[in-house]
Structure formats: structure tokens, C-alpha cells
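Below: the structure, in C-alpha cells.
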Amino acid sequence: MLGFLQHPVMVTAEVNLNMVALTAMGLLSRLWQLAYPRAVVFDEVYYGQYISFYMKRIFFLDGSGPPFGHMLLALGGYLGGFDGNFLWNRIGAEYSSNVPVWSLRLLPALSGALSVPMAYEIVRELGFSHCAATGAALLVLIENALITQSRLMLLESVLIFFNLLAVLSYLKFSNSQKHRPFSPRWWFWLVLTGVACSCAVGIKYVGVFTYLLVLGVAAVHAWHVIGDQTLSNVRVLCHLLARAAALVVLPILVYLLFFYIHLLLLYRSGPHDQIMSSAFQASLEGGLARVTQGQPLEVAFGSQVTLKNVFGQPVPCWLHSHQSTYPMMHDVAAPLSPHAQEVSCYVDYNISMPPQNLWRLDIVNRESDTDVWKTILSEVRFVHVNTSAILKLSGVPLPDWGFRQLEVVGEKLFRGYHESTVWNVEEHRYGRSQEQKERELELHSPTQVDISRNLSFMARFSELQWRMLTVRSDDSEHKYSSTPLDWVMLDTNIAYWLHPRTSAQIHLLGNVVIWASASLATLAYALLFVWYLLRRRRRVCDLPEDRWLRWVLAGALCAGGWAVNYLPFFLMEKTLFLYHYLPALTFQILLLPVVLEHVSDHLCRSQLQRSLFTALVVAWFTSACHVSNMLRPLTYGDRPLSPSELKALRWKDSWDILIRRY
Amino acid sequence: MLCATSRLLAARAASALPAHPRGRGPAPRSRRRELHFPGHPELPPGDLLAGRFAGPSVSTGRRAILRRGRMPPAAGGGLAGSELRPRRGRCGSQAARAAGRDVATETATARSPKRPAPLSSRRFEAAGRWALLALVTLTSFATRFHRLDQPPHICWDETHFGKMGSYYINRTFFFDVHPPLGKFCAFLGSMLIPLAYLTVLELSRSLPAALLTAALLTFDTGCLTLSQYILLDPILMFFIMAAMLSMVKYNSCANRPFSAPWWFWLSLTGVNLAGALGVKFVGLFIILQVGWNTLSDLWHLFGDLSLSMVTLGKHLTARILCLIVLPLALYIATYAVHFMVLNKSGPGDGFFSSAFQARLSGNNLHNASIPEHLAYGSMITVKNLRMAIGYLHSHRHFYPEGVGARQQQVTTYLHKDYNNLWIIKKHNSNSADPLDPSHPVEFVRHGDIIRLEHKETSRNLHSHYHEAPLTRKHYQVTGYGINGSGDSNDFWRIEVINRKFGNRIKVLRSRIRLIHLVTGCVLGSSGKVLPKWGWEQLEVTCTPYLKETLSSIWNVEDHINPKLPNISLEVLQPSFPEIMLESHLVMIRSSVWTSFFLTTFLQGNNGLKPKDNEFTSKPWHWPINFQGLRFSGVNDTDFRVYLLGNPVIWWLNLLSIALYILSASIFAVAVQRGAHLPVKVEGLSQVLLRGGGQLLFGWMMHYFPFFLMGRVLYFHHYFPAMLFSSMLTGLLWDTLLRLCAWSLASYPLARCVHVLGILTLLLGTAYSFYLFHPLAYGMVGPLAQDPQSPMAGLRWLESWDF
């Protein structure tokens with residue numbers, strides 16, 4: 001019974017003090033004076049409004065990214081007891097006392113702090129020395145841009161955290177593959193890879209590039225597993241299925257989960273309702289739901305309805321008429337789209353034209369031939385009986401005589417499906433009485449019991465996701481926008497915040513030494529890689545096989561991580577900022593000590609050369625620390641600087657450092 | 001990796017010779033299989049269609065070599081097998097170098113006895129192959145030239161391309177629709193089919209596969225329609241296919257490098273690449289494909305330790321010469337011709353920089369002589385440096401109510417006009433007329449504060465803290481003041497980029513910025529089109545963001561100042577590379593990313609803007625044949641032509657891609673798992689993985705990039721990809737049917753499976769063509785949605801609109 005008492009309870013703990021020290025330093029650098037400045041800094045003004053929406057449970061739509069990142073920030077607000085009452089309208093505005101600044105900024109800061117030990121672990125798992133690993137972590141620690149970005153209510157540091165977590169857990173997984181596949185540890189890291197990838201995508205869409213990279217590396221490894229003829233077919237199949245489940249199916253499920261929680265939290269109607277379809281709006285509390293509550297479902301002859309165009313572009317709009325006629329004498333061509341025909345309300349003004357006012361109704365999304373026209377749910381098209389033209393919103397605003405409202409036309413030529421030709425009923429009243437007064441009364445009081453119109457989660461998810469991807473962000477030229485070419489050598493900066501009275505200021509400004517040497521290291525890696533590859537092809541093996549594989553894997557993840565997080569920006573048309581480069585930079589920083597160690601181990605031929613090289617590296621690292629320290633006032637914004645000091649910090653003409661004129 | 005594997009497999013096949021699992025054929029024949037170079041798997045001898053042609057052709061080719069001593073470059077071009085045989089060890093100087101390469105193959109060569117078939121039967125078969133090729137070509141010509149003269153009016157894009165053609169021919173607007181351009185297009189369109197036929201034959205070594213491909217393309221209504229009209233697409237597709245064919249051919253010559261056919265096909269690839277790129281930028285994709293193929297080819301050669309570095313250097317040089325230098329030279333030569341032919345001023349001038357215009361005769365800058373340095377009192381036009389923005393312009397119209405301050409509009413305008421003229425004045429003195437001869441000339445210098453007075457309306461260029469009409473974050477620019485007297489918001493500092501303060505400002509050469517003195521913003525054009533009130537000219541703003549973008553940099557173009565001596569502009573003419581660069585920039589800048597001459601001459605009104613009545617299509621529409629393009633005719637009384645792929649063929653293609661990916665993955669996994677495939681299956685799997693892989697790659701290269709393009713896309717952009725997809729279909733079904741026949745080999749009727757399958761596919765496509773041919777050849781009568789129409793039953797998708 002008490003057998004377990006016969007042996008003493010032993011706890012053997014191995015503590016890597018490197019890790020502990022790095023974590024502590026990370027926390028210190030990121031959390032120090034976190035609540036300062038107590039003012040809205042740069043993009044906090046953007047994310048803050050969504051935090052307020054979460055706190056108030058009001059539905060919103062943000063095209064910039066999936067909801068997980070916003071939810072994490074909101075979690076900080078929730079933990080700090082934020083009530084959402086703050087007007088996010090101006091950078092530099094002082095926070096009122098109800099805003100828990102510290103807890104709002106906590107999660108990004110923690111993510112930034114934990115990236116430091118993770119950098120250490122990744123380089124270790126790649127098979128490089130403790131020294132290189134510590135170097136990588138220290139570089140992440142002192143990189144000013146990473147510090148600035150993680151000390152504020154912004155999402156990049158969280159994205160970087162999950163990117164690194166995905167890579168780290170994949171490495172842990174693949175290293176345990178050799179020894180103990182299907183062990184709990186193996187499963188844990190495999191599942192964590194999938195979850196981390198999903199979280200990265202859930203924060204910003206660009207996270208998908210890291211996900212694809214990990215997926216690509218996993219595919220290559222899986223291909224080797226297939227080629228491993230010591231494994232039985234069944235076992236290979238199990239390997240493949242486990243990977244597919246954890247790296248493909250699981251991330252999708254987790255991604256859906258984010259949206260599920262998002263929609264669960266936000267159940268009140270709000271300012272962005274108009275972008276969504278009528279059915280979606282009706283599923284929110286307040287707003288359209290209040291108007292349409294209790295109205296009859298099926299549209300009958302004699303119903304009074306409002307007809308909304310499904311396209312929703314350029315703006316959501318309803319079919320409308322008013323007591324003004326088209327101005328000029330014109331033929332039946334539509335006023336602004338001459339290839340289509342005009343749509344008008346016909347009253348006999350002696351215009352010697354026969355009335356042609358019969359329309360055939362097409363229910364576009366009907367499930368069976370017997371379907372009737374339903375409020376909100378049915379999408380219908382109107383086909384003109386005489387000309388078979390289709391009622392369409394052309395989207396062109398009419399001139400002054402049309403009160404700048406949008407033109408509606410009968411489309412003769414195009415008969416394929418397009419959303420601008422599809423309409424749905426939004427409000428619906430129905431009354432039977434012939435008496436005018438009674439009828440009006442009847443129309444304004446709900447007559448039938450409302451039937452549940454709640455959309456399924458998948459329908460709401462797909463609509464929301466689609467709208468988020470297609471919502472047009474307004475043309476946003478920005479003073480601090482930059483191009484990807486400006487990033488590699490840090491030719492640009494962003495002024496985040498300026499103290500209202502003194503010259504204390506916060507800038508997104510990197511450590512130039514680290515940026516330049518990381519870029520050089522990437523170049524060196526690429527050249528060395530091509531050189532080795534060509535020589536191997538000619539059967540000259542400079543590196544032993546295991547070293548070579550290690551070198552390739554480090555390049556695939558670090559240089560590859562840089563490339564996939566950087567190059568796609570050249571194809572993007574949105575406004576770009578320096579902080580978009582930070583995920584790529586982090587991977588580049590990880591590559592730096594890897595290349596240095598490689599040079600020291602394989603390219604320095606004698607002990608003397610090696611010592612010299614080590615001395616050089618130490619000198620270089622010292623200068624990086626020095627630069628980091630010099631830029632510290634601009635990173636933390638804690639100390640006002642004199643104009644001459646500020647001028648001295650403007651190392652590049654393209655940097656914009658704010659100097660007050662007195 | 002694939003090739004390395006196949007090398008192993010070939011070796012294995014050679015060593016496993018006696019254990020041939022289904023050695024149905026006579027032993028010498030099956031042994032001869034080992035002759036084959038890896039990657040060109042021999043066709044099984046027992047097969048009905050292929051066995052008849054492919055087998056003996058081998059010896060035909062070889063015999064030809066023996067008889068004439070060397071390969072005639074194009075003589076055997078039409079037929080598979082003419083370049084097929086490796087002649088290792090017989091190729092003179094190459095022999096020694098190649099000696100150590102494939103020992104297995106070598107031994108096999110040594111072992112295999114040559115058993116030439118009877119002369120007459122081989123002749124007969126060679127004739128048969130020629131006949132088949134002739135038949136394919138004839139059918140394709142017949143379908144393409146049938147009813148070529150209808151409709152006798154201009155269809156769709158012919159409006160544009162025809163105009164281009166006429167420009168080239170005699171630089172008038174004389175315009176005749178079909179001959180001779182129409183026949184030329186139809187000719188090239190017909191040539192596509194023999195080219196595809198030969199490519200598939202080369203890749204698969206199987207006549208049925210090639211025949212099936214030819215049938216798919218001949219009977220596709222979409223390709224047919226496209227070939228019948230004066231469009232760029234037939235020309236582009238011709239070059240793409242020709243490049244593909246010559247690439248495949250030179251791959252087949254890989255075992256005899258530096259031989260005459262090798263050089264011939266290699267340089268022909270280069271020529272065709274230049275052609276493809278010269279027609280449309282979409283030709284870039286075939287260049288990428290050839291480039292990729294060349295890289296992997298070089299990679300294999302590089303891994304071959306029997307080749308010395310010198311030989312490798314030769315290989316590399318040969319490819320650089322033929323695939324980079326030659327096409328580039330041709331491409332540039334095309335441009336040289338283009339610029340020489342089109343040296344007259346035309347409606348497209350405004351798109352180009354001032355210096356570029358100086359070389360167009362008829363342009364006011366041509367042979368002009370103007371004062372070199374800007375002085376106060378000069379009358380000038382100011383042109384934006386960004387392409388296709390135009391001249392700083394103003395006119396007697398105000399900004400409408402609600403759009404900033406109600407002052408005179410300032411815009412940019414692409415055409416030359418008196419309203420583009422401005423006078424430079426000193427900011428503080430209006431009274432003294434600088435043109436008064438008694439006053440000394442005073443030059444404008446970098447850093448001066450100036451005023452720009454609009455000549456026609458005498459209002460000053462002005463800016464203030466009001467939102468610009470379209471770009472809300474910029475300030476509005478207006479014309480202000482009466483007879484030149486305004487306020488301090490009319491003052492601008494003129495700066496020359498990259499020059500020292502105090503320097504004079506040169507006409508045309510100096511790149512200047514105008515900085516508003518009060519607000520510190522920079523004069524620029526946003527490139528956005530103003531609404532009707534602004535006559536659809538482009539918006540001019542004053543941007544507070546001091547970035548050096550071209551849209552805020554200007555140059556002085558016309559310059560009139562009687563007090564200054566004129567100098568000739570000859571010195572300012574750009575060099576040929578500069579012209580090349582500029583015209584390419586213009587092409588990329590203007591949203592129409594298509595042929596050069598197209599963009600040059602299309603002016604806004606009938607440019608390739610999406611026509612109002614069409615919804616432009618999305619790339620995902622294309623492979624599923626979602627909706628066509630109306631070429632001609634709308635109503636039921638019109639003669640209507642509708643560009644739509646033959647749905648049977650297109651959906652078969654779609655299915656084939658999925659099937660291909662599936663079967664190729666199965667084979668790849670099987671090889672990776674180390675499965676031992678029977679020799680015959682292995683040969684088929686090589687055809688599938690290598691030949692099919694190239695075709696699939698071609699399809700992807702010509703399709704997926706469109707997803708990244710933001711420009712206006714049309715259905716016809718898919719057709720190059722569709723060619724590759726059809727070739728893949730032909731190759732796939734032939735291979736799959738052969739596999740079927742092989743796996744059923746124990747049943748008596750097994751051999752018929754292949755023949756029957758191919759015949760069914762051929763007849764099926766032919767019948768579907770019979771059904772859908774009115775789409776291409778034109779139809780009159782009720783529209784298809786009318787149940788009365790004969791086409792009513794063929795409207796399989798709601799979105800088809802014929």
C-alpha cells in the first residue's frame with residue numbers, strides 16, 4: 001500500500017542558466033516602464049478601436065487581418081478590466097484613467113521577451129553550439145526595432161513569437177523523429193507546430209508564408225520517410241496521416257475556432273453592419289434584426305418590401321425611386337451606361353410609350369423548384385418580360401439631377417451571374433385589409449411569428465472571411481510608408497510618438513549594425529551554399545554529410561524564413577511600413593551566428609585565423625551593443641534629447657528624427 | 001533526382017535483361033530496348049498502333065545516319081525517332097568523352113545485334129508517318145480556313161490590332177479586314193496543331209498520343225475562333241509552341257551535343273523565344289520554362305564527372321549564346337526596326353518623355369531649336385516625368401462646389417494644347433516686363449522663388465491648405481489671382497534634382513521640383529482621373545510627403561524666349577538603349593500589359609479598358625470554361641461568333657490534369673518506396689513523369705501567374721495554357737490506356753483496349769466539334785436561351801451566352 005513511501009521522492013532538475021538569464025533579460029528589456037508613455041502611440045490608435053469593440057461586444061469588420069491577434073490584445077484589456085470607453089482618434093492622445101495601459105501592452109511584451117530564449121533554442125535545435133545560440137538570443141535581445149515593436153499594443157511581436165514557435169516546435173518534432181516517433185513528446189511538438197502555425201496565420205495573413213515554409217520542409221522530410229525502406233508501408237502511412245492531421249487539418253480547425261470565438265463574442269450590431277449581407281445583419285442583436293423582427297418570411301403579392309442589392313459595391317444600396325423624372329428627352333438607353341436600357345417608374349406623362357412594367361422573378365439560390373420567395377434569405381433577379389433585360393445596379397453615380405444616387409439599369413447583354421444583378425428583400429410588411437387606414441396599421445405591426453433565421457456558423461464564417469479579404473481599404477498614403485527595398489539596409493524609420501512638451505520621442509529604428517550584418521550574412525550564406533552545392537555535384541565534399549545537412553536545414557528555415565517573409569511584399573499593392581520587415585529580420589538574425597560559426601569552424605584554417613576571427617566577432621558584437629545603447633532613448637522614449645544629440649543620431653539622411661523648433 | 005533515379009533504373013533494366021517479366025516479343029527485339037537512352041523509353045513491341053510505327057522508325061533513323069554520315073537537321077524533323085537513337089561512341093570526337101558515361105548502355109549497345117527490317121516495309125512506314133502528319137496538318141488548315149471571310153466586319157479586338165497592322169503597312173488608317181493579315185493569322189493558328197503533334201510525339205514516342213492531341217486542338221472551337229481573327233494570340237501561341245517543340249527536340253539531341261541538329265534546335269529555341277517575347281509579354285512564361293529546363297539540363301551535365309570543366313564551359317557558352325544572346329539580339333533588332341518604321345509623330349506622343357518625342361518627325365520637338373537655359377519671362381510647358389501623366393495644364397473652369405476652394409482647375413493633360421503654356425515670373429515683381437529688350441536677361445536658378453502664370457488665363461499656380469479633389473491627404477492646386485497678381489500662396493521654389501544651388505536650369509535635361517513656399521509641399525500629379533467636371537484629365541496635387549517619386553518631378557519641354565539664342569535639340573536625342581528602356585517603362589506603366597504597338601497607339605477613348613458591357617473574367621473561370629467572350633454580334637438577327645472552348649475537350653483537359661497529378665504521384669511514390677516496376681511499366685512511367693511533367697509545368701507557367709496580375713484579364717489569356725493542357729491530355733490518356741492494356745494482358749481482348757480507347761476519344765471530340773462548331777463558324781437565329789434555338793440544348797452552363 002504505502003510502497004511508494006519506501007523510496008525518497010527525488011526531483012532532479014536541470015536548469016540551463018543561459019536560458020534563465022536570457023529570459024530574465026528579455027523580460028527586463030521588454031517590460032521595463034511598460035506603461036510609459038501613457039499616450040496613444042502610432043498604430044495603437046488602430047488596434048485600440050477594435051479592443052473597444054470587443055469590450056463592448058460590438059460587431060466590426062477589419063480587412064487587415066484575421067481576428068486572433070485582435071482577440072489577444074482584447075484579452076489584455078479584459079484582464080485589466082478595460083470597459084472599452086476611450087476615443088481612439090489621435091496618435092499622442094493621453095490615455096484616460098480607465099485604460100489599463102500596462103495590461104494592454106503586456107501580451108505583446110511577453111511575446112517579445114519570450115522570443116529571446118526561443119531564438120536560443122532554435123539555434124540549438126538546428127545543431128549549432130551554445131555559443132552561437134547565445135549569440136542569436138543576444139542579438140534578438142538588443143535589436144532596437146524588436147524592442148520598440150513589442151513594448152506597444154501592436155501585433156508584430158506576437159506574430160514573430162508564433163513564427164518562431166512554429167519553427168522551434170517543428171525542429172523539436174523532427175529531432176525526436178529519429179529516436180522515438182509516436183512518443184508523447186513527438187506528438188506534443190507535432191501538434192504544437194500545427195497550432196503555432198495556425199496562430200501565426202490568425203494574427204496576420206502574412207503568417208501564412210511561415211506556415212507554407214514549415215509545410216514545405218515537413219513535406220521534404222515526409223518524402224524521405226516515404227523513401228525509408230526500413231519502414232513498413234503501414235508505418236509510413238501512419239507517419240503521413242499524423243503529419244497531415246497535425247499540420248493541415250488541425251490548423252484549419254484552429255483557424256475556424258478563432259472565428260467561432262470572434263463571432264461568439266461580437267453579437268451586437270455596430271458601424272460595419274452595412275458591409276455584410278442582410279442575413280448576416282439579421283443575425284446580430286440590434287440593427288437590422290430589430291427592424292425585421294417578427295416580419296413574415298414569405299413574400300406574397302401585395303407585400304411591401306425593400307430591395308437591397310447583394311453586390312454591396314461601391315456602397316450598400318437599396319432600390320429607390322422618388323418624385324423626380326429623368327431630365328432630358330432621351331431614348332430608352334440608360335443615362336450613364338448607354339449599352340444598357342433605362343429603368344424608370346412608369347406614369348403616363350403623355351410620352352407616347354407603352355407601359356412595359358412586367359418583370360419575371362428568378363430566385364437565384366433556390367434549392368428546389370417549389371421554393372417561394374423568402375425575406376432576407378432568397379436572392380432574386382428581375383428579368384424584364386418585354387426585353388429580357390436584367391435589373392442591375394450599374395454603380396455609376398447619377399449627376400446632380402439624380403441626387404448623386406447610383407444608377408440602376410436593365411442589362412441586355414450580360415446574362416451570366418453577377419452579384420450586381422441580384423437583390424434580396426430586407427424589410428417586409430404584409431397586410432390584407434383593403435381599407436387604407438387599417439391597411440397601414442396592419443403593415444406596421446408584425447403579423448406573423450418570426451422563424452429562426454440564424455445562419456449556421458460556416459455560412460457566417462465564409463461570408464465574414466470573404467468580406468474581410470475583399471473589403472477595399474481606402475487609399476492610404478502615409479508619411480512614413482516605405483518600399484521593401486528601403487528595409488534591407490534600414491533606409492527608413494517611423495516616428496511613433498513625440499512627447500507633447502519635451503523632445504522625448506519613440507521611433508521604430510533598428511540597430512544598423514545588426515541589420516547590415518544580418519543582410520551580409522544572408523548573402524554570404526547564399527554564396528557559400530551555391531559554392532558547396534556546385535562542388536558537391538562534382539563530388540568534392542567540403543563538409544561531412546551531417547554537417548552539410550545541418551547547414552542546409554539552417555538555411556532552409558532561417559534564410560528561407562527571411563525570403564518568404566520578405567519577398568512577397570514586392571508583389572503587394574498595399575501601403576507598406578518598416579515594421580512589415582520585422583518577421584523577416586528575426587529569421588535573418590537567427591542565420592547570423594550560424595554563418596559566423598560556420599566560418600570559424602570550416603573556413604578558418606589555422607588556430608591563429610580562428611582566434612583573429614573570434615576577436616573580430618567580439619569587436620563587432622561590442623559595436624552592436626554600443627549602437628543599441630546609443631539608440632536606446634529613441635527606443636524607450638524615456639529621456640528628452642537636445643537638438644544636437646538628435647542631429648547626431650540622424651546617421652542617414654533618409655531617417656526622419658523630429659527636432660522641435662523653438 | 002528523377003533523372004538520377006532513371007539512370008539507376010536504366011542500369012537496372014539493362015542488368016535485369018534476362019528476367020524480363022512479360023517477354024512476349026522475340027528476344028532480340030526486347031533486348032534492343034536497352035539501346036534506348038534513359039528518358040526515352042521504348043514502346044512495347046506488342047502494341048498495336050505504336051508497335052507498328054515507333055519500333056521500326058528507330059532503325060530508319062539510324063540507317064539514315066549511317067547512310068549520310070550525319071543527321072540532316074530538319075529532314076527527320078517531322079518524325080519521331082529520327083533523332084531518337086543515341087549514337088554513343090560513334091560521334092567522332094564526342095565519342096571519347098562520352099565513353100565512360102553509361103557503361104550499362106554501352107554494353108547493351110555492344111551486345112545488341114542490329115536486325116534491320118526489310119527496306120520496303122520501313123519505307124512504307126516512313127511514308128505512313130509523313131502521311132499522318134500531312135493529314136493532321138491538312139485537317140487543321142481545313143478547319144481554320146473554312147469560312148474565314150465571315151463575318152466581313154471588324155470583330156472585338158480586331159479594332160485595335162488591325163489598326164496596328166495598318167500603321168505598319170503604310171501609316172495610314174487604310175484598313176481592310178481579312179486579307180492578308182487574316183490569312184496570316186489563320187496560317188499560324190493552323191500550324192499550332194502540327195507543332196503540338198510533333199511535341200507530343202517527341203515526348204511520348206507514341207503516335208496515338210500525338211494524334212489525340214492533334215484532334216483535341218483541331219476540334220476545339222476556342223482555338224479555332226481565335227485563329228480566325230486578326231489577333232495577336234495566334235502569333236503568340238505559334239511562337240510558344242515552336243519554342244516548346246524546339247526545346248523538346250534539343251533535349252532529345254542531348255546525347256549528341258554540338259552536333260548540327262543540336263545546334264539547330266538550340267538556336268531555333270532562342271529564335272522562337274525572341275518571337276514570343278516580341279509579341280506579348282506573356283511570352284515571358286515560355287522563357288521561364290525554357291530557362292528552367294536549361295538549368296536542370298546543365299545541372300545534370302555538371303554532375304557528370306566524365307565531362308571536363310572545359311566541355312562544361314562549352315555547354316554553358318553554347319546555351320548563353322543561343323538562349324540569351326541570340327534572342328536578345330533579335331528582340332532588340334525588332335525594336336530597332338520598329339523605331340525606324342514608326343518615326344512619325346502620332347497620337348501616342350504624350351505618353352513619352354520630351355527627349356523621346358524629339359526623334360519623332362512631325363512632333364514639334366523634332367529638329368526644333370529652342371533656348372537652352374530658362375530665364376524669367378520664358379514661356380514654357382512643364383511635363384511630368386512619370387510616364388503617361390502629361391503636361392501641367394489649366395483652363396477656364398473652376399473646381400465645382402464642395403471640391404476645395406472654388407478656384408480655377410489645374411490638371412495634367414496628355415495632349416499638346418495652348419492651355420499647357422505657363423510664363424515664369426519673379427515672385428515679387430510683376431510690373432517690369434522681363435521681355436522688355438532694355439532689361440538684361442535674367443536666368444532662373446536652382447533655388448529661386450518663382451511664380452508660374454498661366455498664359456491663357458493669366459492666373460498664378462497656387463496651392464493652399466485645402467484637400468485635393470481625389471487624394472484627400474494632399475493639398476489642392478488651383479489657378480488664382482487676376483492678371484498675375486495673387487498672394488503669397490503663389491510662390492514656388494524651383495529646385496533641380498542632384499544639382500547645386502545657383503545653377504541654371506536646362507530645358508528638357510533638368511529634372512525639377514516645385515516646392516510650395518508656404519506649406520512646404522511638392523507639386524505633383526497623383527495620376528488619378530478627375531470626374532467629368534475636370535474633363536477626365538489627371539489630378540494635380542501638392543503633396544506634403546517629400547518623397548522623391550517621379551510623379552513630383554517635372555521637366556521643361558517647350559521654351560519660348562525671344563531674347564535668348566536657340567540651340568538645336570539634336571544633342572538631346574536619347575540613345576537607342578535609352579529609347580528601349582523608356583518604351584518598356586511606358587509599357588509597364590500603362591495598365592495594358594500587352595504588345596508594344598498596342599499601347600503606343602491606343603488612346604484613352606478606345607483603349608483596352610474593360611468594355612462597359614462585359615464583366616471581365618477571373619482566372620479561375622478559364623479552365624472550367626465558365627464563360628466565353630462575345631466576338632461579334634449580340635442580337636438574334638446578328639451573325640454571332642462566341643469564343644468558347646469546346647466544353648467536352650476542356651472538361652476532359654481538366655479531368656486529365658487531376659488524373660495526371662494522381663497517377664504521377666502514385667508512380668513517384670512507388671519509385672520512392674523502391675518498388676520494382678516491370679520494364680514496360682517503367683518506360684510508361686518515365687513518359688508520364690518526364691514528358692508529362694514538362695507539359696504540366698508549361699500549363700502551370702502559363703496559367704498561375706495570371707492570379708497575381710492585377711490587370712484586366714480576358715478569357716483568351718488562357719489559350720497558351722490550354723495548348724499545354726491538351727498536350728498533357730493526349731499523353732496521359734495514351735499512357736493510361738497502355739497501362740490498362742498491359743495490366744489486362746492475360747485477357748484475349750486486352751490489346752483492343754488501347755485502340756478502342758483512343759478511337760473513342762478521337763470520335764468523341766470530333767462529334768463534340770460537330771455539335772459546337774456554330775460557335776466558331778458563326779450562327780444566326782434565336783439566342784440560346786430561347787428554347788426554339790438549335791443551340792438551346794447546348795447551353796450546358798447558365799453563364800454561356802450565345
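Just so you know, these numbers come straight off a predicted model, no measurement behind them. In the text below, chain A, chain B and the rest are named by the order of the sequence lines, each starting its count at 1.
- Rounding to the nearest 0.5 Å places CZ of B/F302 at 13.0 Å from CZ of A/R536.
- Note: A/R537 CZ to B/D304 CG = 8.5 Å, rounded to the nearest 0.5 Å.
- Counted within 6.0 Å of CG on A/D653, heavy atoms from surrounding residues, nucleotides or ligands total 12 or fewer; the atom is thus considered open.
- By the 6.0 Å contact criterion, CH2 on B/W535 is open, its count of non-hydrogen atoms from other residues, nucleotides or ligands being 12 or less.
- A distance of 3.5 Å separates CG of A/L533 from CH2 of B/W299, quoted to the nearest 0.5 Å.
- Here the shortest heavy-atom pairing between B/R673 and A/L231 reads NH2-O, 2.8 Å.
- The two atoms that bring B/L307 and A/R538 nearest to each other are O-NH2, 2.6 Å, heavy atoms only.
- Under the rule for a side-chain hydrogen bond (donor to acceptor under 3.5 Å, both in side chains), the partners of A/W487 that lie at least two apart in sequence or sit in another chain are A/S482.
- In this structure, CG in A/D228 is found 10.0 Å from CD in B/Q672, a value given to the nearest 0.5 Å.
- For A/W466, the CH2 atom counts as loosely surrounded, since its 6.0 Å shell holds 12 or fewer non-hydrogen atoms of other residues, nucleotides or ligands.
- Proximity to chain B involves both the backbone and the side chain of A/I226, based on heavy atoms less than 4.5 angstrom apart.
- Of the atoms belonging to A/V540, not a single heavy atom falls under 4.5 Å from chain B.
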Let me check something: any side-chain donor-acceptor pairs from residues 518-525 of chain B under 3.5 Å, sequence neighbours excluded? List them with distances.
residue: B/T519; atom: OG1; partner: B/H516; partner atom: ND1; Å: 2.8
residue: B/T519; atom: OG1; partner: B/C521; partner atom: N; Å: 3.4
residue: B/S525; atom: OG; partner: B/G527; partner atom: N; Å: 3.3
residue: B/S525; atom: OG; partner: B/E539; partner atom: O; Å: 3.0

